[in-house]
Amino acid sequence: MSDEQQQDRTEQATPKKRQDTRKKGDVPRSRELTMTGVMLTGASALLFMIEPMSLRITSGLQNALDIERDLIFDDEYSVRAFGELAEAALGGMIPLAIVLLVAVFMGATAIGGWSFSFSALAFKGDRINPLKGIKRVFSANSLNELVKAMAKFALIAVIAVTWLWWSVDELLSLGKEPVALAVPHAMRIAARSLVIVSCGLIIISMADVPFQLWNYQKKIRMTRKEVRDEFKETEGQPEVKSKIRMLQQQVANRRMMEELPSADVVITNPTHFAVALKYDDATMGAPKVIAKGKDFMAQRIREVAEANKVPLFSAPPLARALYRSAKIGQEVSPGLYTAVAQVLAYIFQINAVAESSGSAPLPQRPVVDVDESQF
């Protein structure tokens, strides 16, 4: 990435950007922290395992060096003795190796967490591109790694030389000790040396971890255009969302008009609002709104209702209250049960008179009283 492109990345990474980056296996890592954890864990484990490990190694050395005269002339004995010695040494190292493997895993995932991605293992041509390889070698990051490696080497060298100079008498005394004592003594010196050197690595890790976290956050920063594009991708472009809502409304209106002929009554404003109700005492607990609209849609509902001989009932307060309080497909609000029941009873009575060839007197039109402030 060029410096100009990096300068344009002024926005913090979004949660989606962080998630996508993590899926690609790109997470913050600190090799210094991993090395420090491995060194400290190995040194600590070695201190606790000195006795059993030294016993196995000492026993193996004694068995390998204690040779009977007849076996000296055996051509296969040296190979067998070497194998037994190697088995004893490796057997003593297995617990330490397990501890080190755990330390490597814990150190590697300490700041970035666990992340496994096949995309990180995929072949990429730019990895073998010699031009890009040369750019990486002479990049600012490579220079930074070189300076850090030199500083690390200098610090560890100073600590190691100082410690060896301090322990030179103890190291020379190993040659005068019996094998049974020299082996655990040498292992204790090695463990202490690792602890001392690891203390220097702790200093390096304390400086490297914040730097790696800062560098990772800088690397995944986004441009303003990327943030806008991601928002459009996740939330949808406004014009697309508007088009979808319009199509959904058209489908809902078409379905509403198809159900309108089955309504029992359409309550109107009479011109600005229209609400179609249907009631079936066998399947419904209360009358249900199957269509509603205002202005142009209210006019369309009245036209369809008249064409299908659905009764119209003018009650402006009730029409407005029904329009505000119930959605299409919902039952009417309990506060409107009485008013709606009066209207439906009146409509059902008119239908009964019509079916009796008009011989019965027409019912009196009810006066519907609704408190609109409650809806």
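Only heavy atoms go into these numbers, but all of them, side chains included; no hydrogens, no water, no symmetry mates.
If you chain together hydrophobic residues whose side chains sit under 4.5 Å apart, V265 and Y337 fall into the same group. Transitive grouping of hydrophobic side chains (ILVMFWY, heavy atoms separated by less than 4.5 Å) brings V275 and V368 into a common cluster. In this structure, V332 is a member of the same hydrophobic cluster as Y346, with clusters built from ILVMFWY side-chain heavy atoms closer than 4.5 Å. Connection of M297 to I290 is not established within any shared hydrophobic cluster, with ILVMFWY side chains joined at heavy-atom distances below 4.5 Å, either directly or through further cluster members. Using a 4.5 Å cut-off between side-chain heavy atoms of Ile, Leu, Val, Met, Phe, Trp and Tyr, with links allowed through other members, V266 and Y279 fall into different hydrophobic clusters.
Remark: M150 CE is loosely packed, at most 12 non-hydrogen atoms of other residues, nucleotides or ligands lying under 6.0 Å away. When the shell of 6.0 Å around NE2 of H185 is examined, it contains more than 12 heavy atoms from other residues, nucleotides or ligands. R31 CZ: 12 or fewer foreign heavy atoms inside a 6.0 Å radius.
Distance check: R228 CZ to M222 CE gives 11.0 Å after rounding to the nearest 0.5 Å. Note that the CD1 atom of I196 and the CD1 atom of I156 stand 11.5 Å from one another [nearest 0.5 Å]. Atoms NZ and CE, on K292 and M256 in that order, are 10.0 Å from each other to the nearest 0.5 Å. D264 contributes atom CG, which lies 4.5 Å from atom CZ of F348 (distance to the nearest 0.5 angstrom). Rounding to the nearest 0.5 Å places CG of N269 at 7.5 Å from OG of S314. Atom NZ of K278 and atom OG1 of T283 lie 7.5 Å apart (nearest 0.5 Å).
Residues L277 and K288 fail the side-chain proximity criterion, which asks for heavy atoms closer than 4.5 Å. A 4.5 Å side-chain heavy-atom check between L312 and I267 finds every atom pair outside the cut-off. Side-chain contact between V343 and L318 is present, with at least one heavy-atom pair separated by less than 4.5 Å.
With sequence neighbours excluded, no residue satisfies side chain to side chain donor-acceptor pair (under 3.5 Å) with K327.
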>> side chain to side chain contact (heavy atoms under 4.5 Å, CB included), that's the test. Do V209 and M206 meet it? Break it down for me.
In response: CA-CA 6 Å; V209 169; M206 291 176 63; over 6 Å; no
>> Evaluate V227 against R224 for side chain to side chain contact (heavy atoms under 4.5 Å, CB included), listing each step before the verdict.
In response: CA-CA 5 Å; V227 174; R224 293 185 178 181; 5.6 Å; no
> Hey, mind stepping through V340 and L322 against side chain to side chain contact (heavy atoms under 4.5 Å, CB included) and telling me if it holds?
Replying inline: CA-CA 9 Å; V340 171; L322 286 170; 4.2 Å; yes
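The shortest non-hydrogen separation linking S205 to P210 is O-CD, 4.2 Å. Scanning both residues, V289 and A326, for their nearest heavy atoms gives CG2-CB, 3.9 Å. Residue F273 comes nearest to R302 through the heavy atom pair O-NH1, 4.4 Å, listed as atom of the first residue, atom of the second, then distance. Closest heavy-atom contact between A43 and A191: CB-O, 3.7 Å. The two residues L213 and P28 have their closest heavy-atom pair at CD2-CB, 4.0 Å.
Under the 4.0 Å criterion applied to side-chain N and carboxylate O atoms, E170 and R192 are assigned as salt-bridge partners. Comment: R255 does not engage E258 in a salt bridge, judged by the lack of any side-chain N to carboxylate O separation of less than 4.0 angstrom.
Side chain of N308 to backbone of V304: a donor-acceptor contact under 3.5 angstrom is found. Looking at T223, its side chain does come within 3.5 Å of a backbone N or O of E226 through a donor-acceptor pair. In this structure a side-chain-to-backbone donor-acceptor pair under 3.5 Å is present from S262 to E259. In terms of modelled atom types and a separation under 3.5 Å, the side chain of T36 and the main chain of L201 share a donor-acceptor contact.
A donor-acceptor pair shorter than 3.5 Å cannot be found between the side chains of S325 and S333.
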